[in-house]
Every structure is written in structure tokens, then in C-alpha cells.
Protein chains: 2
Amino acid sequence: MGLASGQLRRLGELIMPAHRVPRGGYVFRAGGDTNTLAVVRRGTLKSAVLDEQGREQVVGFHLTGELLGLDGIAAGKYCRDVVALEDSEVCRIPYPELQKLSNDIPAVANYIQTTMSREISRAYGVMLLLGSMRAEMRLAFFLLDLSRRVLARGYSPTRLSLPMTRKEIGGYLGLKLESVSRLFSTFQRDGLIEVRGKAVNLVELGRLQEIVQDAHPQLGKLLENGDASVLNAQCAALNLA
Amino acid sequence: MGLASGQLRRLGELIMPAHRVPRGGYVFRAGGDTNTLAVVRRGTLKSAVLDEQGREQVVGFHLTGELLGLDGIAAGKYCRDVVALEDSEVCRIPYPELQKLSNDIPAVANYIQTTMSREISRAYGVMLLLGSMRAEMRLAFFLLDLSRRVLARGYSPTRLSLPMTRKEIGGYLGLKLESVSRLFSTFQRDGLIEVRGKAVNLVELGRLQEIVQDAHPQLGKLLENGDASVLNAQCAALNLA
DNA sequence: CGACAAATTGAGACCAATCAAAGGGCGTGG
DNA sequence: CCACGCCCTTTGATTGGTCTCAATTTGTCG
């Protein structure tokens, strides 16, 4: 079911102009009040929970088109930081007004529900990753997941440019940065990938898939839910909801 | 905002009579079509992703009052099994009709959104647990989390009766059953708890909290989001939404 | 009581963390 | 433009925590 033009206009008015977020800049802070969602227009960001000792758990990386901030709806507070990994742009969406709008327009409410449901599925996949996969499987998973998401945006699925550091990858995969670095070297030695700093070339996608599949045939399905929140910034996607 | 009596009646008609689920019985199966949600009336259940080698990742345990099945809304398929750990009762709720109802009644839509949002926050907390905590912290977290949830239902927060096996606890915490067993023994030796099979007495709640807090002061906040889906089976809670 | 699953405990292996050092990349300022 | 400093990355040596394999005990249900 689509949206009437009047509804689309109301939705359009909600979307604030894109604004720049410099590398290292915050979109949300843990503990901050939830007054907006945000859509990534350009760039890459991470969601992370940080503690005083400087350790962080990265709960997700966000590419262009993804919708951020749904975790905070219940508590009224965000439960984690969202930080730009490179110079990025986001559109903010005032949450209370979106809430009102979703009460009037079922398609909007349905879209939000669907997006949140996908994020739950994705989170379960990551729990599986962290709870029962060994380091090499985790990194293979990470590379394939990124490959698929980059492909969905029309870029090469094999020539990746990683905007995040080894430490951040480790923070996502539950590994230390040295372990991540060693695994990159091992994969390169075995001819699976070519590494030159942040530039990674996936030479043997099939063998990377084997590494993951051997461990968890189910994971492939969960992966497909991964790219939760692809929302066209003009909200054209809502026509499909 | 509450519900008009006509709305409550419509909602009541949606809730199917509670039916028994024997120990080991399924409420949902991974890959099954999403046609219902379910509310736990009595008993305890687990959500788990299983692979052919017999390994499983438990993504959550569910106590009385919790709402199950929201993960499947997006994909149209559930992404994991839900199995009763002891003889239980659940009420099923046909999802398509609930969807229609939520389009008419904003309070219902808001409740679903809030519940899903809490589940996302909880999942992030578990990711933190699995990604950056050591075994003893994980088990302390598990015991405290269960203690809090049991307390919320009016039972003693210190005298726990664990319906799940050591293997299932390990499946949740990313540990092998032997490790879980060893940790129970260690905690008992140190006077933190008393273990007699499935019956566990939490002697030193404070010291258990220290074990978790030392590692991640943030986790306490995430814990509070944990008890996502407490939905009174008569849906009285919706009056608060 | 018997059969089977669950739990405990031990010994040893292995994987990732830790500690440590050196090399690279990038931006800033001279 | 180069030099410096800082962070990121790589690699090595060692430690340590958890898994694995194995045997035994305990508990549960027919």
C-alpha cells in the first residue's frame, strides 16, 4: 500500500536537511534523550557502547541509507553512541512528530515495525557470531557481510575500502586488534584476500563463505536480514510498506 | 492514553485461549511462517538458533508475561526456535489481525514498537556480554538478570530455581557446559552462591554485582531494558501505552 | 530399580589475549 | 617540501582462559 500525495508531503516536511558529521563526530550519545531518529545520507558510522576503561563493544556499522536510533524509543534514552567513522552526512527526523505521523498513516507504522524487526534478527545473528564462532569465522563473516551490503549499494563486492580501524573491527567481533591484524595476514597468506591497509580485496569469496558455513549453515539466512534499515532519504521506500 | 471499551473488546477477541506446551515442545520453529505472536502465560521458554552439528546459540530465556515472535515480522519467517524448558502455557495472537488492529488503534502500534525497541536494547546488552566479558562475569550477569526478572514477578530474588540445563546456560553465555559447571562450583567455593542442582541461592548479590560492574559500569543500564516484553495476557498493559 | 540424561571434576591442548617492539601512514607545523 | 609526532598496523614471544576429551557421580523418570 502506498501513500497519498498529501501524506508524502507531510512526511517530507519531517525530514530535516542533511547536515555534516565530521570524522569522529557524534550523531547520538548514550544516555541522551531520544528526540530524533537519523538516516545516513553519506559516509559510514558505528554504534558502540563504551566504558570508563576505554573498552568498547561495537554493536553495528551503518552505511548509507540506514536508519538509526530505534533502540532508544522504549527507554527514552539512547543506549549507545553513534559516531562517524569518516566525514558523513545524516538527516535527522524528529521522533515525536514521526510518532504522530505513524498514528495517522499505517504504512509509516508498519515500516518502523519492519525495520525494528530486522534489527532484532540481525542482533540475533551477531549473538550467534559472538557466542559460538571462532576468530577466523568471525572475520570471514564480517568481510562477507560488508561485501553484501556494499554490493547492495552498487559498488564492487570484492574491492572493499574499510573506513573502520582494526580496533573497531575487533570491537565488533569480540576480538583484540592484534588478533584482527593477525587474521588479515593469515587470510592473505592463504590467498583468500589481499590486504593493503584499509583496502581489502576479497579474492576467494567462496572460500570465505565456506569458513562461515562450515560452522553455521543457519547463519546465511540471518545474514540476509542484516541490512536492516535501508531507508531512502526521500522515503520513497515507504510506498512499499 | 487508554483504550475505549470497544477497542478492548476487539483486542480481547484476538487473544486465543491459553494452551499447554509440554517440556521440550515448540511454540515457533525457525523458518516457519510468521502468523502468530505468543504470550507466555505460565512456565519458561528459550529462543535458540540451532545448527546441524547440534550446537545452539540461545538468544534469550522467556518468563511469564513476555511477548514472543516479534523477530519474524520483517522476514515473514521466524529466525529461531522457541522451546518450552518446562511445562508451560502460551496464548497465541494471530499476527495479521493484530497488524490490522494496530492500524486502527495507535496505542497498540506504540506498544509493539516499544516492545521491539526494548528487545533491541537487550540484544545490544547481550552483545556486550558475549563480546567483551570473561566467563565469570557472564555467569554473574546471567544470575543477576534472572534474579531481577524473578523479583519483578513477585518471587524471591535470591532463591532461584533454574529451569534450564547447564548446556542451555552455556548456549546463552557463549560457554561450554563444563565451563558453566566449573563456574558454579567456583562461585560456591567463594561463598557467592549455594548450588544444589537446579536450585541456586544467591548469597552475596553485592559481590556478584561487583563482578559485573568492575567490567562494565554501563551494563547496569542495559540490564534495565532487559525485561522487554512483559505483556499481561489480558492486555491490561495496553492501557498504559 | 534400572536406564538415561544432567552435572561434576580432572588433565591436557589450543586459541586468543597480553606484553613488547618495530614499521607504516597521515596530518600538522616548521 | 620535509620533518616530526601521533596513531594505526604488523609481528613476535609468552601467558592464560576456555575448550576438549574423559571418567565418575548425581539426578530424574519410567
Side-chain angles (χ1 to χ4, degrees), chain A residues 22-24 46 53-58 83 85-87 129-142 160-190 193-200 211 214-215, chain B residues 22-24 46 53-58 83 85-87 129-142 160-190 193-200 211 214-215:
Chain A
R23 185 166 172 274
K46 68 174 174 183
Q53 284 91 38
R55 284 175 296 207
E56 72 173 14
Q57 175 66 33
V58 175
V83 181
L85 299 175
E86 56 189 337
D87 291 348
L129 175 94
L130 294 171
S132 61
M133 293 175 73
R134 292 201 280 110
E136 59 176 11
M137 305 172 191
R138 298 187 199 187
L139 188 63
F141 172 98
F142 168 77
L160 304 181
S161 173
L162 308 177
M164 66 290 284
T165 66
R166 304 288 190 260
K167 185 176 179 184
E168 285 161 341
I169 295 172
Y172 181 57
L173 299 177
L175 301 170
K176 295 296 166 188
L177 68 94
E178 297 95 328
S179 297
V180 173
S181 180
R182 265 183 253 274
L183 285 164
F184 272 118
S185 299
T186 306
F187 281 3
Q188 178 163 240
R189 178 174 51 71
D190 296 346
I193 63 176
E194 289 167 0
V195 184
R196 216 172 46 255
K198 306 251 185 211
V200 175
I211 291 177
D214 281 353
Chain B
R23 186 164 172 277
K46 68 174 175 184
Q53 284 89 38
R55 282 174 298 206
E56 72 173 15
Q57 175 67 33
V58 176
V83 182
L85 298 175
E86 56 189 335
D87 292 348
L129 176 94
L130 294 171
S132 61
M133 292 174 74
R134 291 199 281 111
E136 58 176 11
M137 305 173 192
R138 298 186 200 187
L139 188 63
F141 172 98
F142 168 77
L160 304 181
S161 173
L162 307 178
M164 65 290 284
T165 66
R166 303 287 190 261
K167 185 176 180 184
E168 286 161 339
I169 296 172
Y172 181 57
L173 299 178
L175 301 170
K176 295 296 166 187
L177 68 93
E178 297 95 329
S179 297
V180 174
S181 179
R182 265 184 253 274
L183 286 164
F184 272 119
S185 300
T186 305
F187 280 3
Q188 178 163 239
R189 179 175 51 71
D190 295 346
I193 63 177
E194 290 166 1
V195 184
R196 217 172 46 254
K198 305 251 186 211
V200 175
I211 291 177
D214 282 353

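Naming: A, B, ... by sequence-line order, numbering from 1 per chain.
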* Asked: Any sub-3.5 Å donor-acceptor pair from B/E136's side-chain atoms to B/L183's backbone N or O?
  ->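 Not confirmed, B/E136 side chain does not pair with B/L183 backbone.
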- Who pairs with B/D190 by salt bridge (Lys or Arg N to Asp or Glu O under 4.0 Å), at least two apart in sequence or on another chain?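 B/D190 satisfies salt bridge (Lys or Arg N to Asp or Glu O under 4.0 Å) with no other residue.
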Between the axis at one end of the helix from C/dC1-D/dG30 to C/dG30-D/dC1 and the axis at the other (five pairs apiece), what's the angle to 10 degrees?
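Terminal axis comparison yields 50°.
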Counterpart residues, side chain to side chain contact (heavy atoms under 4.5 Å, CB included), relative to [X] (two or more places apart):
X      : answer
A/S185 : none
B/R182 : B/E178
A/S181 : none
A/T165 : A/K167, A/E168, A/K198

Report the distance from atom CZ of A/R196 to atom P of C/dG25, rounded to the nearest whole Å.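 Taking CZ of A/R196 and P of C/dG25, I get 10 Å after rounding.
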A/E86 CD to C/dG27 P: how many Å, rounded?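 Result: 13 Å.
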Checklist line | With B/Y172 via ring-ring contact (aromatic ring centres under 6.0 Å, His included) - residues at least two apart | finding: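 B/F61.
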Looking at every non-hydrogen atom in both residues, tell me the closest pair between B/I211 and B/A140 and how far apart they are.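 Looking at all heavy atoms of both residues, the shortest contact is CG2-CB, 3.9 Å.
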request  = Look at all strands and tell whether A/G170 reaches a base, only sugar-phosphate, or nothing, counting heavy atoms closer than 4.0 Å.
outcome  =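 No contact.
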Mind listing the N/O atom pairs, protein and nucleotides 4-9 of chain C, below 3.5 Å?
residue : atom : partner : partner atom : Å
C/dA7   : OP1  : B/K198  : NZ           : 3.2
C/dA7   : OP2  : B/R166  : N            : 2.8
C/dT8   : OP1  : B/R166  : NH2          : 3.2
C/dT8   : OP2  : B/R166  : NE           : 2.9
C/dT8   : OP2  : B/S181  : OG           : 2.8
C/dT8   : O5'  : B/S181  : OG           : 3.2
C/dT9   : OP2  : B/S185  : OG           : 2.5

Exercise. Return the set of residues passing side chain to side chain donor-acceptor pair (under 3.5 Å) with B/Q188 (not counting sequence neighbours), or none when no residue passes.
Key: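 By the side chain to side chain donor-acceptor pair (under 3.5 Å) rule, B/Q188 matches no residue at all.
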Positional range of nucleotides in DNA chain D within the contact set of chain B, heavy-atom, under 4.0 Å: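 On DNA chain D, the outermost contacted nucleotides are D/dT18 to D/dC21.
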Pick from B/M137, B/R138, B/M133: which one makes a side chain to side chain contact (heavy atoms under 4.5 Å, CB included) with B/L173?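 Of all the options given, the one that passes is B/R138.
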